[in-house]
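Below is one structure, written out as structure tokens, with a few remarks after it.
When a ligand or atom number is given, it counts from 1 through the structure's own listing order. All values derive from a computational prediction rather than experimental measurement. For the single chain, residues carry numbers from 1 onward in sequence order.
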Amino acid sequence: MKVDILTLFPEMFRGPFDESIIRRAQDKGLVQIGLHQIRDHAADRHHTVDDTPYGGGAGMVMKPEPLAACIETARQHNPHATVLLTSPKGVPLSHRLAVDLAARPGLIIVCGRYEGIDERVRELFVDQEISIGDYVLSGGELAAMVVVDAVTRLVPGVLGSEESAANDSFSDGLLEYPQYTRPPVFRNHAVPEVLLSGNHALIAQWRRQQALQRTRRQRPDLLETAPLTEQDRRFLAQSHP
Ligand code: ADE
């Protein structure tokens with residue numbers, strides 16, 4: 001998958017994209033990430049990328065011409081890409097949306113700054129505006145990193161089978177069960193006995209129940225849409241919230 005990121009701050013991406021799973025995905029050739037400096041597409045001597053808003057008001061708006069030129073350049077080598085804009089006005093990023101994006105042939109992600117981008121660029125070029133949560137960041141760069149991370153781990157072949165995304169939180173509509181590793185007792189807190197039992201059916205049942213309880217406690221909204229079995233419902237009805 002080709003991902004092109006359009007930003008005024010390409011340096012912000014170097015650390016996060018040069019480490020861990022995103023690094024490995026690039027090294028394996030499964031994800032190709034290109035960073036584009038929007039300012040390079042400004043035609044004037046001062047490389048102006050923003051201007052005051054028509055109608056007045058605080059802040060600056062990203063000018064349409066450099067942004068449009070930058071998107072068109074990125075499109076030349078990522079022709080089938082879906083164009084995303086990171087913005088607090090977008091639809092919320094979710095596991096389901098990440099799965100959907102991971103199946104696209106390419107992504108072009110426009111990182112918004114200032115008070116936003118000229119609306120005509122959004123209308124002409126943007127397929128989907130995405131928010132990573134109900135709070136305002138100083139710019140769309142961190143949000144773009146979040147989108148790329150969430151999507152990359154879902155691209156086939158990026159995760160090895162031993163770290164598969166299948167058990168991650170949200171993949172089955174629930175939050176993930178708690179995990180433990182050695183030592184068996186840490187600061188007087190023991191690992192739950194069942195995990196040491198070697199009984200795989202019992203372990204699977206315990207994990208399912210933990211996921212159900214944790215989801216009810218932290219994210220009760222997810223239980224409304226999670227696919228629950230009759231056994232899950234019985235467990236929830238007879239266990240303490
Ligand atoms: N840019 C500023 N705030 C944002 C948010 N919450 N999500 C995505 N992009 C943003």
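- Here side chain to side chain donor-acceptor pair (under 3.5 Å) pairs that include residues 190-206, with residues two or more places apart or in two chains, number zero.
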Dump all N/O pairs between ligand 1 and the protein below 3.5 Å as a table: atom names plus distance, one pair per row.
residue	atom	partner	partner atom	Å
ligand 1	3 (N)	L137	N	3.0
ligand 1	6 (N)	G133	O	3.1
ligand 1	6 (N)	Y135	O	2.8
ligand 1	7 (N)	I132	N	3.0
ligand 1	9 (N)	S87	N	3.0

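- With respect to D118 and K63, no salt bridge is recorded, no charged nitrogen being found less than 4.0 Å from a carboxylate O.
- Here D4 does not pair with R75 in a salt bridge; the nearest charged N to carboxylate O distance is not below 4.0 Å.
- With no hydrogens or angles considered, a side-chain donor-acceptor pair links D232 and T229 at under 3.5 Å.
- For the pair R23 and D27, the salt-bridge criterion is met [side-chain N within less than 4.0 Å of a carboxylate O].
- Y177 is not connected to L212 by any chain of hydrophobic side-chain contacts under 4.5 Å among Ile, Leu, Val, Met, Phe, Trp and Tyr, and they are in different clusters.
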